[in-house]
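These notes are about the structure you will find just below.
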Amino acid sequence: MLKDKIYKDIKSGLRQLRLRINKNYTVEIPNVAEHGDFSTNAAMLNAKANNMNPRELAEKLVEILAKSKSYKSVEVAGPGFINFKLSKSVYHKALAEIVKAKKTFGSSDYGKGKKILLEYISANPTGPLNVVSARAGAYGDSLHRIMAFVGFDPFSEFYVNDAGNQVDILAESLEIRYRELHGDPLEEFPTEAYHGEYIKDLAVMLNSVDGSKLFHIAEKDRLERMKDFALEEIHKMQVESLNRFDVNFDNWMSEKKLRLEGILEEALSYLAEAHCTYEKDDAVWFSSSQFGDEKDRVLIKTDGNPTYLVPDIAYHLTKYQRGFDVMIDVLGPDHHGHVAKLKAALIALEMEVDRLEVVYLQHINLLDNGEIIKMSKRTGKIITMDDLIDEVGKDAARYFFLNRRPSAHLDFDMELAKKKSSENPVYYCQYAHARIHSILKKAKKEKISLKDYDIKNLKKLDKPIELDIIKKMLELPSLLNACADHREPHRLAGYVHELAGMFHKYYAKYKIVDADHKELSQSRMYLISAVKNVIAISLDLMGISAPEKM
RNA sequence: GCGCCCGUGGCUCAAUUGGAUAGAGCAUCUGACUUCGGAUCAGAGGGUUAGGGGUUCGAGUCCUCUCGGGCGUGCCA
């Protein structure tokens, strides 16, 4: 908000100087306090466009800008930066705005209602969700919340691969376990089948519903029943895990349903119409190498079944048909080979491929006492999302996932996440919130409240750290915009930690509630209640609770 | 081989997307509880941003090469 104002002031200054304006200049908060509250590179960027010396242009701009009452000082520095210092009263007014905005502080119409499709997790419906899904869930759900908060229109979707090869194997795996229950075990469990214990649980459940009657129907019907049962139960499991993790989807898109709607054939016929399919070796190929892929890909296998590429193309066509401005696929790092093929198809079909964005979330190492926990799908030794939530809790898990850039590999220290001390950043943030609540409660006991507070007394907030805290809070709106623009919710995790830290320092240094100085106490309470609010907003956007007691 | 991602104090990560003196936490060391929640605070040490070259007023960030790590490169999904 303050940034925008300064940006505009500079623009009008440049106009007054009758210069050609390069609008790419920025207004930033310097990381060195001596450089002022804000600084701009406007003179440097515009000097070039007007063939001037940067410092000379800066001097002229300063002359104009210094006339405004909002600025305590405007100075030229270094190679041509212009540094602004704002009057305290500007910050006091801004603080009142934050308090007035309550839970809407930081929200805006910045996204202009742009329709965004967020597809994430999309784990196979063949087992419980794992920690990779947990990271994707934390990431996608928080991005969704942030985007909605700053005025985009996000829509989250989980794509369920409930058709094709892997669900056939799922049905077969269940059948093996079902037979075992009835005293008919296989000598050797097939390596490609699913080994997890949960399949045995499913067999028991199925048995309690259907008993032995599945032996008396045709194999095809039996496997179909197995498949439907397993898919439904696993879906329920996944939804339950996601609920525990506070991750919600606007839509679950079923591949099976897409297939029934004939959309695969539709996609294939579009590709054929575009003359980029051909037959070779009894298979149908897509000439994807014409569209940026390394080589051509098979669409229909010699056995007559489509490869996974076909439903995926079809699914993405539905995304385009549904009219989203931007489509974001959140994928694991093992999928990037796949995107080239998909994009080739979209280009072939003359779709605006730039509207499809792919975010790759990197792998996770779970650490226990500094040791990487080795996981193996084959032996069924995996740590599930539920295990993780049981171990460290939802809040800690979400924070740890969100504290990293999506493109960064992540070492998840389970010991640290479990700790209830300052070493653990989640508790550090939550503690600040709880502490503020407690202080305000204490004030109430001493009969000091904000009900009769006159904001004229805000001028009593004159300590540097008090102004720093206000400045930090004022960063939230543009920070959230940046999180949304760059699809990087991790910035918010760092931000809330910084703000919490400033509060803890403040608390240690200054007494907030002091019955002998009512107006000062009220002013400080006013400040920290704003901090409480901003922490709560930030944590909520990350799907983390803001407790009043811990 | 080719493609994508990554490389920042001992460890895990930031760095306002090209800005000024690269910041936090953990770990280590020193201090602070008869005081609003010590789940906290004050302080110290620790860096040639893997390495070379380039682009420009200015590079951890962009380009290029080299080295190292991860992933991909199926008629599996």
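Reminder, nothing fancy here: chain letters follow the sequence lines and each chain counts from 1. Remember, it's a predicted structure, so these values are computed and weren't measured experimentally.
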Inset, instruction - Just call it for A:Glu548: base, sugar-phosphate, or nothing, with non-hydrogen atoms closer than 4.0 Å on any strand. - result: base
Inset, instruction - Select base, sugar-phosphate, or nothing to describe what A:Lys442 touches, counting heavy atoms under 4.0 Å on all strands. - result: sugar-phosphate
Inset, instruction - If the plane angle is over 60° it's perpendicular, under 30° parallel, otherwise tilted; pick one for A:Trp252 and A:Phe158. - result: parallel
Inset, instruction - With heavy atoms under 4.0 Å as the rule, sort A:Ala482 into base, sugar-phosphate or nothing. - result: nothing
Legend entry - Residue met sooner reading RNA chain B from 5', once A:Ile300 and A:Glu28 are mapped to nucleotides: A:Glu28
Inset, instruction - Rounded to the nearest angstrom, tell me the gap between atom CG in A:Leu361 and atom P in B:C6. - result: 13 Å
Inset, instruction - Remember a base hit wins even if backbone is also touched, and classify A:Asp281 as base, sugar-phosphate or nothing at under 4.0 Å, heavy atoms. - result: base
Inset, instruction - Ignoring backbone atoms, establish whether A:His490 has a side-chain N or O less than 4.0 Å from OP1 or OP2 of B:A15. - result: yes
Inset, instruction - Have a look at A:Ser478 and say if it touches a base, only the backbone sugar-phosphate, or nothing, with a 4.0 Å heavy-atom cut-off. - result: nothing
Inset, instruction - Would you check if there is a donor-acceptor pair between the side chains of A:Glu157 and A:Tyr315 at a distance under 3.5 Å? - result: yes
Legend entry - Whole-angstrom distance between B:U40 and B:C33, as gauged at atom C1': 10 Å
Inset, instruction - Sort by first number and list every stem of RNA chain B: at least 3 consecutive Watson-Crick or G-U wobble pairs, both distances under 3.5 Å. - result: B:1-7 with B:67-73, B:10-13 with B:23-26, B:28-32 with B:40-44, B:50-54 with B:62-66
Inset, instruction - Establish whether the base of B:A77 is bridged to the side chain of A:Thr307 by a donor-acceptor pair shorter than 3.5 Å. - result: no
Legend entry - Proximal nucleotide (of B:C57, B:U21, B:G37) relative to the A:Pro79 side chain: B:C57
Legend entry - Aromatic-base stack, A:Phe81 on B:A20, cutoff 5.5 Å, angle under 30: yes
Legend entry - P atoms of B:G19 and B:U61, separation to the nearest Å: 11 Å
Inset, instruction - Give a yes/no answer on whether the side chain of A:Tyr428 brings an N or O atom under 4.0 Å of OP1 or OP2 in B:C41. - result: yes
Inset, instruction - Using a 4.0 Å heavy-atom cut-off across all strands, classify A:Tyr510 as base, sugar-phosphate, or nothing. - result: base
Inset, instruction - Assert yes or no for the condition that the ring centre distance of A:Tyr453 to A:Tyr526 is strictly below 6.0 Å. - result: yes
Legend entry - Any side-chain donor near an acceptor of the partner, A:Asp468 and A:Tyr506, under 3.5 Å: no
Inset, instruction - Mind checking A:Ser407 for me? I need base, sugar-phosphate or nothing, with any heavy atom below 4.0 Å counting as a touch. - result: sugar-phosphate
Inset, instruction - Would you indicate, yes or no, if B:A14 has its OP1 or OP2 atom less than 4.0 angstrom from a side-chain nitrogen or oxygen of A:Arg405? - result: yes
Inset, instruction - Would you check if A:Ile537 and A:Phe105 make a side-chain contact, meaning some heavy-atom pair closer than 4.5 Å? - result: yes
Legend entry - Candidate nucleotides B:A77, B:G37, B:A20, ranked by approach to the side chain of A:Val32 - the nearest: B:A20
Legend entry - is_close_aromatic(A:Tyr360, A:His335), centroid dist under 6.0 Å: no
Legend entry - Inter-nucleotide C1' distance (B:G72, B:U12), Å rounded: 27 Å
Inset, instruction - Have a look at A:Asp296 and say if it touches a base, only the backbone sugar-phosphate, or nothing, with a 4.0 Å heavy-atom cut-off. - result: nothing
Inset, instruction - Could you verify whether a donor N or O on one side chain and an acceptor N or O on the other, from A:Arg259 and A:Ser254, lie under 3.5 Å apart? - result: no
Inset, instruction - Would you please say whether a donor-acceptor pair under 3.5 Å links the side chains of A:Asp162 and A:His235? - result: no
Inset, instruction - Rounded to whole angstrom, note down the P distance from B:G47 over to B:G23. - result: 13 Å
Legend entry - Sugar-phosphate, base or nothing in reach of A:Asn31, heavy atoms under 4.0 Å: base
Legend entry - A:Lys301 side chain near B:C76 phosphate (N/O to OP1/OP2, under 4.0 Å): yes
Inset, instruction - Would you classify A:Ala434 as touching base, sugar-phosphate or nothing, given that sugar-phosphate means primed atoms plus P, OP1 and OP2, and contacts are heavy atoms under 4.0 Å? - result: base
Legend entry - Closest-nucleotide ordering on RNA chain B, the 5'-leading residue of A:Arg297 and A:Ile29: A:Ile29
Legend entry - Distance, P atom - from B:C62 to B:A14, rounded to whole angstrom: 14 Å
Legend entry - Integer angstrom distance from the C1' of B:G18 to that of B:U55: 12 Å
Inset, instruction - Tell me what A:His504 touches on the nucleic acid: a base, only sugar-phosphate, or nothing, going by heavy atoms under 4.0 Å. - result: sugar-phosphate
Inset, instruction - Scan A:Leu309 against the nucleic acid and name what it touches under 4.0 Å (heavy atoms): base, sugar-phosphate only, or nothing. - result: nothing
Legend entry - Residue pair A:Ser289 / A:Asp296, side-chain donor-acceptor N/O under 3.5 Å: yes
Legend entry - Whole-Å C1' distance, B:U73 and B:G45: 48 Å
Legend entry - Parallel, tilted or perpendicular: ring planes of A:His338 versus A:Tyr308, cut at 30 and 60 degrees: tilted
Inset, instruction - Could you tell me whether the phosphate oxygens of B:C2, OP1 or OP2, come under 4.0 Å of any side-chain nitrogen or oxygen in A:Lys295? - result: no
Inset, instruction - Answer with base, sugar-phosphate or nothing: what part of the nucleic acid does A:Asp411 contact at a heavy-atom distance below 4.0 Å? - result: sugar-phosphate
Inset, instruction - Measure distances between side-chain N and O atoms of A:Tyr431 and base N and O atoms of B:A39, and say whether any donor-acceptor pair falls under 3.5 Å. - result: no
Legend entry - Salt bridge A:Lys85-A:Glu75, side-chain N to carboxylate O under 4.0 Å: no
Inset, instruction - Quote, to the nearest angstrom, the P distance that separates B:G25 from B:A44. - result: 12 Å
Inset, instruction - Give a yes/no answer on whether the side chain of A:Tyr507 brings an N or O atom under 4.0 Å of OP1 or OP2 in B:G38. - result: yes
Inset, instruction - Measure the distance from CG on A:Asp303 to C1' on B:C76 and round it to the nearest whole Å. - result: 12 Å
Inset, instruction - Can you check each nucleotide of nucleotides 42-47 of chain B against protein heavy atoms at under 4.0 Å and return B for base, S for sugar-phosphate only, - for none, in 5' to 3' order? - result: S-----
Inset, instruction - Give a yes-or-no answer on whether the side chains of A:Asn46 and A:Asn22 include a donor-acceptor pair shorter than 3.5 Å. - result: no
Inset, instruction - For A:Met147 and A:Arg487, run side-chain contact (heavy atoms from CB on, under 4.5 Å): C-alpha distance rounded to whole Å, both residues' side-chain angles, the deciding distance at 0.1 Å, then the answer. - result: CA-CA 9 Å; A:Met147 289 190 126; A:Arg487 329 305 187 204; 3.2 Å; yes
Inset, instruction - Indicate whether A:His497 forms a stack on B:G25; treat it as stacked only if centroid distance is below 5.5 angstrom and interplanar angle below 30 degrees. - result: no
Inset, instruction - Just call it for A:Ala77: base, sugar-phosphate, or nothing, with non-hydrogen atoms closer than 4.0 Å on any strand. - result: base
